[in-house]
Number of protein chains: 4
Amino acid sequence: MTDEPQRGGRPRDTRVDAAILAATRTLLAEVGYGALTMDLVAGRANVGKAAIYRRYAGKQDLVFAAAVHGRTLDPPPDSGDLRTDLRWLVGGIARSLSSPETRAALPALLADVTADDDVADRFMRTFVAEERAYVETILDQARRRGDLRTPVDAEVVHSLVLGAIFARIYLLRKPADKAYQHEVTDLAAKALTEGAR
Amino acid sequence: MTDEPQRGGRPRDTRVDAAILAATRTLLAEVGYGALTMDLVAGRANVGKAAIYRRYAGKQDLVFAAAVHGRTLDPPPDSGDLRTDLRWLVGGIARSLSSPETRAALPALLADVTADDDVADRFMRTFVAEERAYVETILDQARRRGDLRTPVDAEVVHSLVLGAIFARIYLLRKPADKAYQHEVTDLAAKALTEGAR
Amino acid sequence: MTDEPQRGGRPRDTRVDAAILAATRTLLAEVGYGALTMDLVAGRANVGKAAIYRRYAGKQDLVFAAAVHGRTLDPPPDSGDLRTDLRWLVGGIARSLSSPETRAALPALLADVTADDDVADRFMRTFVAEERAYVETILDQARRRGDLRTPVDAEVVHSLVLGAIFARIYLLRKPADKAYQHEVTDLAAKALTEGAR
Amino acid sequence: MTDEPQRGGRPRDTRVDAAILAATRTLLAEVGYGALTMDLVAGRANVGKAAIYRRYAGKQDLVFAAAVHGRTLDPPPDSGDLRTDLRWLVGGIARSLSSPETRAALPALLADVTADDDVADRFMRTFVAEERAYVETILDQARRRGDLRTPVDAEVVHSLVLGAIFARIYLLRKPADKAYQHEVTDLAAKALTEGAR
DNA sequence: CATTAACCGAGACGGTACGTCCCGTCTTATC
DNA sequence: GATAAGACGGGACGTACCGTCTCGGTTAATG
């Protein structure tokens, strides 16, 4: 986001903020990312284009804010059981990646963002960091309980779980439903606990 | 592809076919998907734009053909050992997703695919089906050897392995190097064989 | 025209010649010069484009041949009376410039042709030369009869008469009907005979 | 012209208006109508193509505005002498049709006009109407002086004079120089005054 | 009678201009 | 100084024609 607020003069109109985001979400659902035009958003929100560019650096930034940002997981529970913790993680990621807005925006966002390494790193950090911390928490707890085979990298576990959900939805184009979540949780638990103790 | 062959008249020039694909691949690696222009491809291939549009419906179609189509894995080996088979699978997918052309093209392609169900089907057939068959072969062989815990779905295994590599490269933006491949192979083997026998 | 015939081999098919010209004339009337495409002519005539280009150097050449060429005046009569001779000249030019095909083709042809001085001179000569000779004949006869004021240039007279008809039809966009022809003839006769004898 | 003005927002930049017309006039003289490209005009004027298409419906519209519109004759003098008035008329028309821009644009424009009746009306109003009024003025003055043979139609006189100059330049492709202007003036004066008084 | 050279329809070829669309910035008048 | 409106420079898109070339096949005159 651009969003360094102004110093003097008339303050930003919060109704404009809301209208922009609402129009973006509506249009994402109606026409998809590709046909979502800045002019279109401005028109739908009854807002000038400048008002959008004053808030967001561009289309990617806008869509990221409207469709992806803030969809955060609840904090991890520490159920005392690795499998339960994993089920919670898998469910959270699945829910986050399954929302209609995310489904409409994420692939194109990923594409736009991949084109520029700087932007990409920033976006990915935002997208990934919180989840990563939760994975580490879960693994630490399990390690403390002695439920884990010794050397296991949180980054690898994260890529496995996140990748499994992402691939299911965006590569294989099937729903990441409860049954699938269960299978993934099960396999992950087996992999992490095999040979432990 | 467009590609309905003509009935009479001058046949398509295969040298033009080749020049277009070669130029596309070169330019994907040189400038990336975003800066890849139809005029640029035409110029590099010494070809008229019409010659491209005669063959491909647009940029997506062209890039799909140039970057994804025909990039097939070697046939699966049946080493007699599940872990070795998995290592081969993981390595093949990693190699396929790591090529500069694929790295340049895949995210944008994925975005296009998500936006259009027709394209999606074609994409799935090409990108996913062959790999899936290999996964099934590997699992069947392991099952026949009795190395497998009973109920395991090839589709789930595929999404796990493919997702792990994809997430590593395109979401976490790190190389899917040998060390990573080994970790994924190891975890997958553990998950699949846990409790077997 | 291109039209240097071949030395050996199969001779040109006269049915093709006719079909090309017929299609051109039909299409000139149907869609006008601007929308008349070589492909369109070829398609309508059931003929390959090469067959057209074997006969004509290009669109202008084709249209010139189809719509303008050969529309020649009858030979001048020498009625013994300048006014009568002028009426014949005016009528002939008016008839020639009024035909539907000429009306459809001439302005655009003039435009295309004006773009290239060499082509322009060639076309104009063809278009103009015969008429010019007739004007000279008429003036000579009048001069011999003593009906003419002394110094009068055939080129100027020609430009006056031709221009009057052309301007009437193509600049003012009104029919060069009998009444108009009569007025022009009358004025021309007055101008040429004023002060004679 | 397109030219329906906007209601709010940034107004059209008159410097852009001027730059577009200037570039068009320059390029008409430099390269002619055929080689005059919209991109070329945009580039020369340092203007986006959209800025041109916002003002003009296409190449014809642009060229019409640049080359023909507003090129008006000076007001007619009333010298008290028909021949002098005619010389002025002939000279004015000749000057107007001889300018490099008009020479480059008029034939193509005429072609476009002939192809589209709507355009034709606009063309006629601009190109023809003012001149016609002048012809009528001149004839009226002469008539009041009694210098004119009785029934003479301004439209016919206009077509004669205009046609003579047009034919000289665009059909015979010779300069409408002083000598030619004198001959035309002379013949016209003779035709109009023959038998008068 | 066989050869041969130019013909034939069909349509792909390189090239070029078209007019449309979108991006992200800038410029008005208004609040 | 923020706002709605919308013009601005820039640049890619996909379409349409031009005039040439290439394919398989045909047809008359030559040898």
Side-chain angles (χ1 to χ4, degrees), chain A residues 6-13 15-16 34-40 42-43 45-59, chain B residues 5-13 15-16 34-40 42-43 45-59, chain C residues 5-13 15-16 34-40 42-43 45-59, chain D residues 5-13 15-17 34-40 42-43 45-59:
Chain A
Q6 76 281 13
R7 296 196 294 237
R10 175 179 179 179
R12 297 239 180 101
D13 187 339
R15 299 196 320 278
V16 171
L36 181 137
T37 295
M38 298 308 266
D39 289 88
L40 197 57
N46 274 313
V47 142
K49 271 204 291 179
I52 304 179
Y53 281 103
R54 212 171 284 121
R55 290 166 170 79
Y56 305 99
K59 184 174 170 179
Chain B
Q6 79 281 12
R7 295 199 292 240
R10 179 179 179 174
R12 298 265 172 87
D13 188 337
R15 298 195 319 277
V16 171
L36 182 136
T37 294
M38 298 308 266
D39 288 271
L40 196 57
N46 274 312
V47 143
K49 265 204 291 181
I52 303 180
Y53 282 104
R54 213 172 282 124
R55 291 168 168 77
Y56 306 100
K59 187 174 168 176
Chain C
Q6 77 282 12
R7 295 197 294 240
R10 176 180 179 177
R12 299 253 174 91
D13 187 337
R15 299 196 318 279
V16 170
L36 182 137
T37 297
M38 298 308 266
D39 289 86
L40 197 57
N46 274 313
V47 142
K49 269 203 291 178
I52 303 179
Y53 281 102
R54 214 172 282 124
R55 290 167 170 77
Y56 305 99
K59 185 174 170 178
Chain D
Q6 78 280 12
R7 295 199 291 241
R10 178 179 180 175
R12 298 262 173 88
D13 188 338
R15 300 196 317 277
V16 170
D17 295 28
L36 182 136
T37 294
M38 298 308 266
D39 288 271
L40 197 57
N46 273 314
V47 143
K49 265 203 293 180
I52 303 179
Y53 282 104
R54 212 172 282 125
R55 289 168 170 77
Y56 306 100
K59 185 174 170 175

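Per chain, numbering begins at 1; letters A, B, ... match sequence-line order.
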Given DNA chain E, 5'-ward residue of the pair B:Ala45 and C:Ala42, judged by closest heavy atom: C:Ala42
For the pair D:Arg55 and D:Asp17, find out whether any cationic side-chain nitrogen is under 4.0 Å from an anionic carboxylate oxygen. yes
What is the distance, to the nearest angstrom, from the CZ atom on D:Arg12 to the P atom on F:dG9? 12 Å
Shortest non-hydrogen separation from B:Met38 to B:Ile52 and the atoms involved: CE-CG2, 3.7 Å
Listing time: all N or O pairs from protein to nucleotides 16-20 of chain E that are below 3.5 Å?
residue	atom	partner	partner atom	Å
E:dC18	OP2	D:Met38	N	2.7
E:dG19	OP2	D:Tyr53	OH	2.6
E:dG19	O5'	D:Tyr53	OH	3.3
E:dG19	N7	D:Lys49	NZ	2.9
E:dG19	O6	D:Lys49	NZ	3.0

Looking at residues at least two apart in the chain, or sitting in another chain, which of them share a side chain to side chain contact (heavy atoms under 4.5 Å, CB included) with C:Asp13? C:Arg15, C:Val16
Check the distance between E:dC21's C1' and D:Ile52's CD1 and give it to me in whole angstrom. 16 Å
Partners passing side chain to side chain contact (heavy atoms under 4.5 Å, CB included) against B:Ala45 (at least two apart in sequence or in another chain): B:Ala19, B:Ala23, B:Val47
Salt bridge (Lys or Arg N to Asp or Glu O under 4.0 Å) filter on D:Lys49, not counting sequence neighbours, yields D:Asp39
Whole Å only: how far is the CG atom of B:Asn46 from the P atom of E:dG15? 6 Å
Round to the nearest Å and state the distance from D:Asp13 atom CG to F:dG6 atom P. 17 Å
Phosphate contact (F:dG9 OP1 or OP2) by D:Arg54 side-chain N/O below 4.0 Å: no
If you take all heavy atoms of D:Gly48 and D:Ala42, which pair is closest and at what distance? C-CB, 4.2 Å
Measure all distances between protein nitrogen or oxygen atoms and nitrogen or oxygen atoms of nucleotides 27-31 of chain F, and list the pairs falling under 3.5 Å.
residue	atom	partner	partner atom	Å
F:dT27	O4'	C:Arg10	NE	3.4

